[in-house]
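Every heavy atom of this structure was used, including side-chain atoms; hydrogens, water molecules and symmetry mates were not. Start at 1 with the first residue, then count along the sequence.
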Amino acid sequence: MVFNYGYLTWEWTERLRGYTYPLIFASIYKILHLLGKDSVQLLIWIPRLAQALLSAIADIRLYSIMKQLENQQMAKWVFFCQLCSWFTWYCCTRTLTNTMETVLTIIALFYYPLEGSKSMNSVKYLSLVALAFIIRPTAIIPWIPLVFRHFWQEQKKLDLILHQFLPIGFVNLSLSLIIDRIFFGQWTLVQYNFLKFNVLQNLGTFYGSHPWHWYFSQGFPAVLGTHLPFFIHGCFLAPRRYRILLVTVLWTLLVYSMLSHKEFRFIYPVLPFCMVFCGYSLNHLKTWKKPALSFLFLSNMFLALYTGLVHQRGTLDVMTYIQELCYNNPNKSPASVFIMMPCHSTPYYSHVHYPLPMRFLQCPPDLTGKSQYLDEADIFYLNPLNWLDKEFHNDSTLPTHLIIFSILEEEISAFLISSNYERTAVFFHTHLPEGQTGSHIYVYERKLNGTLNRR
């Protein structure tokens, strides 16, 4: 059975995100349903596997373009750098729009008219860039210098505009408008709304801000990790024709530095460009090549395994626990779950696939211009105990299960005791707790008539 929970984050309800990318995974879910295979495990793993397959195709395209431009030896080193990057492992299977943006960027580069390329095709690369823009409008940022270079070097500039730029842009934008018209019920240009929110109004700062130099001083070095010295070394060795890739990386970092809200994943699309220079560095090493390879592989594999299997895993484990409660005891009294964590800390119905009443603390940004705006999560963390007393003044409204970070337990212990909650599960989350994020996740279950309300 498929349950239509109708849940959307505020980004879709405010029309900042389109439905082109979600439609891909919605189609996968529909196919699984028609085949009678829409189990919760398939719903969790099929999107990840699909994204992993697309990322693998992109990596092969990166190898192929380097083999065309240089030789198999050079392509091998670039491929090695790409495959052992901890951040690539961290992101490549995640169904983030940034991941799809990266995939489309690499494949588009395969068709881009770089000097020496045998696979250049303007229609294909421009179509992929346009699709990336529709999925995530900021995907255009790294392509601005690349497209400008293509235009500058093109002899028939007017033909390029009239026969490629305009038709491809028109078709892709029309497709986006039609898809969003179907789902929103009205004509919506989500790309403009996205630009208005993140750039013109700079409302992304609601979710945190960093100094202008953050990408250069912290973000970019962290994403590159131990590849950084090889990247710098390769920048001095790479031929002149790769200068456009270096310009693209610097341009992207500069543009994103102008925005107050910054995240590591935003610069993921230019990481493969950096691997070209890292590959050049490895290719020119002689005496220290084997130690360098061992150092790159071991240091990145440690980070990849730790961030992929250990760090912040509790939010996945706890949803598996909730899902098992539903399916292992379907005939027991109904359960309900309240996730008292910073908003969007855990997955939601995609990891439960059951009509279980669930709720989490909301954190939509203020779109009305109010001063001193506080969202529900902010208000909760100002005084958790007071908020809980007001919210659940009637015992009949209490959820059967509470999910909290360990750091919150002591502060709301009086509420937990008075409402007959008992801790029933503990999950490790991180070795590096900070702010409202604790080292462990606790599940509390409410006692009813002296017994736990187990499903």
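Counting heavy atoms from C-beta on, the side chains of Tyr63 and Val78 never come closer than 4.5 Å. No side-chain heavy atom of Phe230 sits less than 4.5 Å from a side-chain heavy atom of Cys81. You'll find the side chain of Leu54 reaches within 4.5 Å of the side chain of Met100, heavy atoms only. Asn193 has its side chain within reach of Thr188: a pair of non-hydrogen atoms, C-beta onward, lies under 4.5 Å apart. A 4.5 Å side-chain heavy-atom check between Met341 and Ile441 finds at least one atom pair inside the cut-off. In this structure, Gln82 and Ile106 have side chains that are in contact, with non-hydrogen atoms separated by less than 4.5 Å. Taking 4.5 Å as the limit, some side-chain heavy atom of Leu246 sits within range of a side-chain heavy atom of Cys235. Proximity of Trp187 to Asp180: side-chain heavy atoms (C-beta onward) are nowhere separated by under 4.5 Å.
Atom CG of Leu296 and atom CG of Leu83 lie 12.5 Å apart (nearest 0.5 Å). Taking OG1 of Thr99 as the start and OH of Tyr90 as the end, the distance is 10.5 Å to the nearest 0.5 Å. Considering OG1 of Thr105 and CZ of Phe110, their distance stands at 15.5 Å, rounded to 0.5 Å. Between atom CD1 of residue Ile412 and atom CG of residue Leu385 there is a gap of 8.0 Å, rounded to the nearest 0.5 Å. Note that CG of Leu293 is 4.5 Å distant from CH2 of Trp77, once rounded to the nearest 0.5 Å. If you take CH2 on Trp143 and CG on Leu128, they are separated by 8.5 Å, rounding to the nearest 0.5 Å.
Listed here is the closest heavy atom pair of Val247 and Pro145: CG1-CB, 4.3 Å. When all heavy atoms of Leu303 and Trp86 are compared, the pair lying nearest together is CB-CB, 3.7 Å. Heavy-atom minimum distance, Ser350 versus Ile44: O-CG1, 3.7 Å. In terms of heavy-atom proximity, Ser55 sits nearest to Cys92 at OG-O, 2.7 Å. Pairing each heavy atom of Ser127 with each of Asn172, the nearest pair is O-OD1, 4.0 Å. Here the closest non-hydrogen pair linking Arg94 and Gln51 is O-CG, 3.4 Å.
Using a distance-only test at 3.5 Å, with no hydrogens or angles considered, a donor-acceptor pair links the side chain of Thr320 to the main chain of Leu316. Between the side chain of Asn383 and the main chain of Asn386, a donor-acceptor pair closer than 3.5 Å is present. Between the Arg313 side chain and the Leu309 main chain, a donor and an acceptor come within less than 3.5 Å of each other. Counting only distance, with no hydrogens or angles, the side chain of Tyr207 and the backbone of Lys262 share no donor-acceptor pair below 3.5 Å. A donor-acceptor pair is defined here as one N or O able to donate and one able to accept, closer than 3.5 Å; such a pair exists between the side chain of Ser336 and the backbone of Thr400. Side chain of Arg181 to backbone of Gly185: a donor-acceptor contact under 3.5 angstrom is found. In this structure, the side chain of Trp251 engages the main chain of Ile141 through a donor-acceptor pair within 3.5 Å. Using a distance-only test at 3.5 Å, with no hydrogens or angles considered, no donor-acceptor pair links the side chain of Thr315 to the main chain of Thr346. Distance alone, capped at 3.5 Å, is enough to place a donor-acceptor pair between the Tyr112 side chain and the Leu146 backbone. In this structure, the side chain of Ser345 engages the main chain of Pro342 through a donor-acceptor pair within 3.5 Å.
Remark: aromatic rings of Tyr192 and Phe197 are distant, center separation not under 6.0 Å.
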Task: Trp214 vs Phe264, ring-ring contact (aromatic ring centres under 6.0 Å, His included): CA-CA, chis, key distance, verdict - done: CA-CA 10 Å; Trp214 185 82; Phe264 295 110; 4.9 Å; yes

TODO: Kindly indicate, with the supporting measurements, whether the criterion side-chain contact (heavy atoms from CB on, under 4.5 Å) is fulfilled by Val318 and Val443.
DONE: CA-CA 8 Å; Val318 73; Val443 178; 3.5 Å; yes

- [ ] Assess whether side-chain contact (heavy atoms from CB on, under 4.5 Å) is satisfied between Phe297 and Phe80, documenting all intermediate values.
- [x] CA-CA 9 Å; Phe297 179 78; Phe80 171 81; 4.3 Å; yes

Open item on the list: Assess the residue pair Leu245 and Phe277 against the criterion (side-chain contact (heavy atoms from CB on, under 4.5 Å)); give the C-alpha distance rounded to whole Å, side-chain angles, the decisive distance to 0.1 Å, and a yes or no.
Closed with: CA-CA 9 Å; Leu245 299 183; Phe277 299 98; 4.1 Å; yes

Open item on the list: I'd like to know whether Tyr125 forms a ring-ring contact (aromatic ring centres under 6.0 Å, His included) with Tyr111, so could you lay out the CA-CA distance, the side-chain angles of the two residues, the decisive distance to 0.1 Å, and finally the verdict.
Closed with: CA-CA 5 Å; Tyr125 104 76; Tyr111 298 108; 8.9 Å; no

TODO: Step by step, work out the side-chain contact (heavy atoms from CB on, under 4.5 Å) result for Phe415 and Asp389.
DONE: CA-CA 8 Å; Phe415 170 81; Asp389 288 339; 4.2 Å; yes

- [ ] Begin with the C-alpha distance, continue with both residues' side-chain angles, and end with the deciding distance and a verdict on ring-ring contact (aromatic ring centres under 6.0 Å, His included) for His429 and Phe405.
- [x] CA-CA 9 Å; His429 185 60; Phe405 278 120; 5.1 Å; yes

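Test Ser281, Cys278, Cys274 against His227 for side chain to side chain contact (heavy atoms under 4.5 Å, CB included) and you get one pass: Cys278.
For OH of Tyr306, the number of neighbouring non-hydrogen atoms (other residues, nucleotides, ligands) closer than 6.0 Å is greater than 12. Remark: Glu434 CD is loosely packed, at most 12 non-hydrogen atoms of other residues, nucleotides or ligands lying under 6.0 Å away. The environment of Trp387 atom CH2 is dense: over 12 non-hydrogen atoms of other residues, nucleotides or ligands sit within 6.0 angstrom. Around the CZ atom of Phe302, the shell of radius 6.0 Å holds no more than 12 heavy atoms that belong to other residues, nucleotides or ligands. The local environment of CZ in Phe216 is crowded, with over 12 non-hydrogen atoms from other residues, nucleotides or ligands closer than 6.0 Å.
Inspection of the Gln191 and Ser176 side chains reveals an N or O donor paired with an N or O acceptor under 3.5 Å. Between Thr307 and His311, the side chains place no donor N or O within less than 3.5 Å of an acceptor N or O (distance only, hydrogens not considered). Side-chain contact, His210 with Tyr215: no donor N or O sits under 3.5 Å from an acceptor N or O. With 3.5 Å as the limit, one finds a donor-acceptor pair spanning the side chains of Thr226 and Ser299. Side-chain atoms of His401 and Tyr421 form no donor-acceptor pair, as typed in the model, at a separation below 3.5 Å.
Within the structure, every pair that satisfies the salt bridge (Lys or Arg N to Asp or Glu O under 4.0 Å) test and touches residues 375-384, not counting sequence neighbours, is listed here: Arg359-Glu376.
Electrostatic pairing of Glu445 and Arg423 does not count as a salt bridge here, judged by no charged N lying under 4.0 Å from a carboxylate O.
Under a cutoff of 6.0 Å and an axis angle of 45°, Arg446 and Tyr444 do not form a cation-pi pair.
In this pair, Phe360 and Tyr348 present their aromatic rings perpendicular. The plane angle is above 60°, beyond the 30 to 60° band. Taking the six-membered ring where tryptophan is involved, the planes of Phe266 and Tyr256 are essentially parallel, since the angle between them stays under 30° and well short of 60°.
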